[in-house]
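The block underneath contains the structure these notes are about, expressed in structure tokens.
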Number of protein chains: 2
Amino acid sequence: MTNKRSTIKDIARKANVSIATVSNVLNDIDVVKPKTRQHVLQIASQLNYVPNLRAKQLQSGQTKMIGFFCNSISGPYFNPLAESIAKIAEENGYGINILLSNDQSMLRRNILGDLVDGIIGFEDLITDKELQLIRTNRIKAVFIDRIIQDETIGSVVFDSYQKGKEVTDYLIQQGHQKIGFILGKDDIYDSNERFRGYKTAMEKANLKVNPNYIFKGEFELEPAFQVIEQFLTTTARKDYPTAIIAGNDLSAIGAYRAIKQQKIRIPEEISLVSFDGFDLDSPHRPNLTGIHNPIVEQAKFAVEHLIAMIHNQTPGKVQTIEGHFVVGETVQQRAEER
Amino acid sequence: MTNKRSTIKDIARKANVSIATVSNVLNDIDVVKPKTRQHVLQIASQLNYVPNLRAKQLQSGQTKMIGFFCNSISGPYFNPLAESIAKIAEENGYGINILLSNDQSMLRRNILGDLVDGIIGFEDLITDKELQLIRTNRIKAVFIDRIIQDETIGSVVFDSYQKGKEVTDYLIQQGHQKIGFILGKDDIYDSNERFRGYKTAMEKANLKVNPNYIFKGEFELEPAFQVIEQFLTTTARKDYPTAIIAGNDLSAIGAYRAIKQQKIRIPEEISLVSFDGFDLDSPHRPNLTGIHNPIVEQAKFAVEHLIAMIHNQTPGKVQTIEGHFVVGETVQQRAEER
DNA sequence: CTGAAAGCGCTTACAG
DNA sequence: CTGAAAGCGCTTACAG
């Protein structure tokens with residue numbers, strides 16, 4: 001690509017003007033004599049001139065690029081998130097550079113190497129050291145999985161604790177008492193918060209949390225499937241929970257498959273509640289009951305807040321996005337005691 | 001971000017050496033006296049120095065970035081494609097800049113503005129003019145939906161014609177004669193090629209292509225659903241095709257839903273064949289019969305070929321990736337005539 | 001209205 | 001081994 005693309009210097013030479021004049025013409029700075037302007041423009045187009053943005057960036061100190069770092073852009077959560085972020089950034093005149101790597105040095109190069117004007121990402125993907133660098137260098141950043149706030153750092157999270165409680169309350173109201181929960185990995189904010197909400201609700205209703213009903217599903221499809229399958233096949237039917245709350249969409253799907261595979265009916269025998277996962281393109285996606293988190297809204301806040309910080313229009317803020325409770329077909333009312 | 005990040009100049013001043021020496025130290029050019037080296041290194045780390053990559057790029061003429069332009073990174077095809085491209089690029093030391101825009105000027109800025117070292121994308125998203133610019137400026141590019149070849153342009157496509165034929169032959173062998181086809185938009189290479197293969201196979205078997213069985217599904221879920229639903233509800237049951245070939249995964253899903261919704265059994269009454277779409281995360285994704293295209297392989301070739309061209313190691317090539325026929329549960333053998 | 005010069009942060013011959 | 005200088009492609013005061 002480095003070949004012989006023409007520069008303003010080429011234009012200047014050919015047009016017999018200075019590079020300053022060329023620059024002025026090209027940037028529509030209304031100070032050039034119309035005739036000169038015409039002439040320069042013509043030469044420029046004749047040379048197929050396209051400005052070298054890197055040089056411009058070096059001057060202006062801006063890249064009009066946002067770095068988005070994540071582990072994946074697949075799945076019912078990450079995919080719409082990534083797509084929305086890219087789309088909204090573009091609408092605002094920013095490009096987006098996706099960093100899928102865990103490699104901290106890659107991250108660092110991008111973040112601190114002035115390749116992007118700011119970053120959006122998941123806090124659990126970066127080390128404390130990098131976070132520290134972000135702070136001290138006053139890098140503009142928005143985290144979407146954890147509450148962090150600083151002069152140049154904002155965040156946007158779901159009201160996971162609240163919704164964890166709400167969903168559990170709902171099940172209890174429906175007469176459930178033996179309620180299970182599928183956790184994500186230890187350090188996932190949403191998992192922890194949802195679980196905390198669940199425990200609070202259980203406690204308030206004087207229901208005890210049965211440790212056998214707490215599953216480690218890793219927030220992934222396969223592990224959730226495995227752990228539930230394992231449980232169902234090694235546990236007496238009468239000891240099944242009557243309802244399971246999946247900490248996220250993928251674990252809901254894994255659980256759904258495992259339960260179905262054992263020919264156990266949903267919701268007649270086991271009710272299932274989920275978070276997210278309402279945009280699955282599948283022939284007959286189950287009509288899940290649960291919390292629907294508006295991902296696009298989250299993406300929108302993240303991008304716009306970041307850009308506002310880049311323009312120094314605001315300090316970092318924390319935004320909580322409210323999920324909506326959606327009644328599907330996977331919860332059934334339960335007769336009193338058992 | 002532009003704040004007061006430290007530069008080699010700052011280091012030089014503080015270390016009492018020239019910027020050239022700093023540069024040499026930082027780039028591990030083994031020419032500096034160990035003591036000086038130590039000293040500089042220490043100051044650098046003390047100043048939290050991180051090189052400004054833009055300046056480096058301006059010098060080297062390389063960005064180590066690949067532009068990927070597409071309309072979407074969602075769906076069973078685009079999503080794994082985008083993710084694979086990002087991953088493989090990263091493994092090769094390249095970042096990836098996703099351009100979701102149709103805006104040609106955005107594209108142009110990126111492609112020609114030296115923001116990326118090369119591009120991967122869909123030919124139908126760019127205008128002839130831009131393509132021409134790519135050619136004349138010898139931009140390195142790989143197209144993944146159409147056969148194009150030039151000194152600096154390569155492409156990677158699926159063997160869609162072949163597979164369209166193969167799949168149709170298979171249905172014919174299974175005794176089907178009334179075979180429908182769901183098309184994509186007019187200018188989609190894969191759609192055209194698969195359809196061409198279908199027609200050839202039909203012709204060779206002396207079966208006539210019933211125009212009522214040719215559906216315009218746009219390669220999207222909703223439109224495919226609509227067109228099939230429309231057909232099923234306005235056509236006598238005896239006039240249904242016994243098999244339908246969906247031109248891509250999303251139309252297969254749309255068709256699947258429409259057929260199911262009409263309480264028509266698959267495959268007993270209508271067999272359904274698909275392209276791609278084998279990685280759908282859904283609780284009970286139908287086990288489709290059809291062609292499984294190795295998307296990761298496609299991504300891998302695209303990225304590696306592009307990088308080889310960037311390094312001037314090869315001229316543009318055309319690669320055809322072979323799809324694999326997978327027997328699922330959506331095709332049933334058909335008794336002779338009707 | 002136009003041009004010469006300095007500078008963005010870096011690298012790379014070239015002297016010393 | 002180290003430094004002064006030119007240059008990557010552009011912009012931006014500052015003279016004229």
Side-chain angles (χ1 to χ4, degrees), chain A residues 1-41 43-44 47-64 109-110 112-117 137, chain B residues 1-41 43-44 47-64 109-110 112-117 137:
Chain A
M1 311 270 301
T2 179
N3 291 21
K4 59 239 61 204
R5 200 110 80 255
S6 46
T7 72
I8 54 169
K9 218 189 263 174
D10 300 326
I11 301 177
R13 187 163 35 231
K14 196 151 182 185
N16 262 318
V17 296
S18 74
I19 58 167
T21 298
V22 175
S23 177
N24 282 330
V25 170
L26 260 20
N27 289 299
D28 269 331
I29 297 176
D30 197 13
V31 75
V32 185
K33 190 158 57 167
K35 213 183 85 192
T36 320
R37 185 183 151 73
Q38 275 313 331
H39 185 216
V40 170
L41 245 25
I43 304 265
L47 256 39
N48 274 323
Y49 174 78
V50 178
N52 180 319
L53 263 16
R54 265 177 295 145
K56 277 198 147 142
Q57 291 172 355
L58 183 57
Q59 263 294 145
S60 68
Q62 286 201 45
T63 63
K64 290 283 184 181
R109 280 167 25 109
N110 266 274
L112 299 169
D114 282 302
L115 249 30
V116 296
D117 291 343
N137 284 295
Chain B
M1 311 268 304
T2 178
N3 292 19
K4 59 238 63 200
R5 200 109 79 254
S6 45
T7 71
I8 55 169
K9 219 189 262 176
D10 300 324
I11 301 179
R13 187 165 31 228
K14 196 150 182 184
N16 262 318
V17 295
S18 73
I19 59 166
T21 298
V22 176
S23 177
N24 282 329
V25 170
L26 262 20
N27 289 299
D28 268 331
I29 296 176
D30 196 13
V31 75
V32 185
K33 191 159 55 169
K35 213 183 86 192
T36 320
R37 184 183 152 73
Q38 275 313 332
H39 186 216
V40 169
L41 246 24
I43 304 265
L47 257 41
N48 275 322
Y49 174 78
V50 179
N52 181 318
L53 263 18
R54 266 177 294 145
K56 277 197 148 142
Q57 291 172 355
L58 183 57
Q59 262 296 145
S60 69
Q62 286 201 43
T63 63
K64 290 285 184 179
R109 280 167 25 110
N110 265 276
L112 299 169
D114 281 302
L115 249 29
V116 295
D117 290 343
N137 284 296

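Sequence lines set the chain letters: A, B, ... in the order given, protein chains first and strands last, and positions in each chain run from 1.
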Does B:S23 make a side-chain N or O approach to OP1 or OP2 of C:dT11 shorter than 4.0 Å? yes
Side chain of A:Y49 - closest among C:dG9, D:dC10, C:dA4: D:dC10
d(CG, A:N52; C1', D:dC8) in whole Å: 8 Å
Would you say A:R37 and A:D28 make side-chain contact, with heavy atoms under 4.5 Å? yes
Is the phosphate of C:dT11, meaning OP1 or OP2, less than 4.0 Å from a side-chain N or O of B:K56? yes
Separation of D:dA4 P from B:R13 CZ (nearest whole Å): 14 Å
Starting at CD1 of A:I8 and ending at P of C:dC8, how long is that distance when rounded to a whole Å? 17 Å
Once you round it to whole Å, what is the distance between P of C:dT11 and CG of B:N24? 9 Å
Please round to the nearest 0.5 Å and tell me the distance separating atom CG of A:L26 and atom CD1 of A:I11. 5.5 Å
Is there a Watson-Crick or G-U wobble partner for D:dA13 with both distances under 3.5 Å, and if so, which one is it? none
In whole angstrom, give the distance that lies between atom CD1 of A:I19 and atom C1' of C:dA5. 9 Å
Looking at D:dA4, which nucleotide sits across from it as a Watson-Crick or G-U wobble partner, both distances under 3.5 angstrom, or is there none? none
By nearest atom, which of the nucleotides C:dG9, C:dC10, C:dT12 is closest to the B:P51 side chain? C:dC10
Reckon B:S18 has a side-chain N or O less than 4.0 Å from the OP1 or OP2 of D:dG3? yes
dist A:Y49:OH -> A:I8:CD1 (nearest 0.5 Å) comes out at 6.0 Å
Do the side-chain N or O atoms of A:N27 get closer than 4.0 angstrom to the phosphate oxygens (OP1, OP2) of D:dT11? yes
Within a strict 4.5 Å, meaning less than it, do heavy atoms of the B:H39 and B:T21 side chains meet? no
Minimal non-hydrogen separation, A:D114 against B:R54, with atom names: O-NE, 2.6 Å
Can you tell me how far the CG atom of A:N137 sits from the OG atom of B:S6, to the nearest 0.5 Å? 7.5 Å
Taking all heavy atoms of A:L115 and all of B:Q57, pick out the closest pair and write down the distance. CD1-NE2, 3.6 Å
Measure from the side-chain heavy atoms of A:L58 and tell me the nearest of C:dC8, D:dT11, D:dG3. C:dC8
Take the protein atom CD of A:Q62 and the nucleotide atom P of D:dC10, then report the distance between them rounded to whole Å. 18 Å
Criterion side chain to side chain contact (heavy atoms under 4.5 Å, CB included) against A:T36, the qualifying member of A:V17, A:N24, A:N16, A:V22: A:V17
Start at the 5' end of DNA chain C and walk down; is the nucleotide closest to B:L53 or to A:V17 reached first? A:V17
Side-chain N or O of A:K9 closer than 4.0 Å to phosphate OP1/OP2 of D:dC8: yes
Using whole Å, report how far CG of B:D114 lies from P of D:dC10. 8 Å
Here the distance between atom P of C:dC8 and atom CG of A:L115, to the nearest Å, is 20 Å
Quick one, which residues of residues 28-40 of chain B touch DNA chain D with a heavy atom under 4.0 Å? B:V31, B:V32, B:K33, B:T36
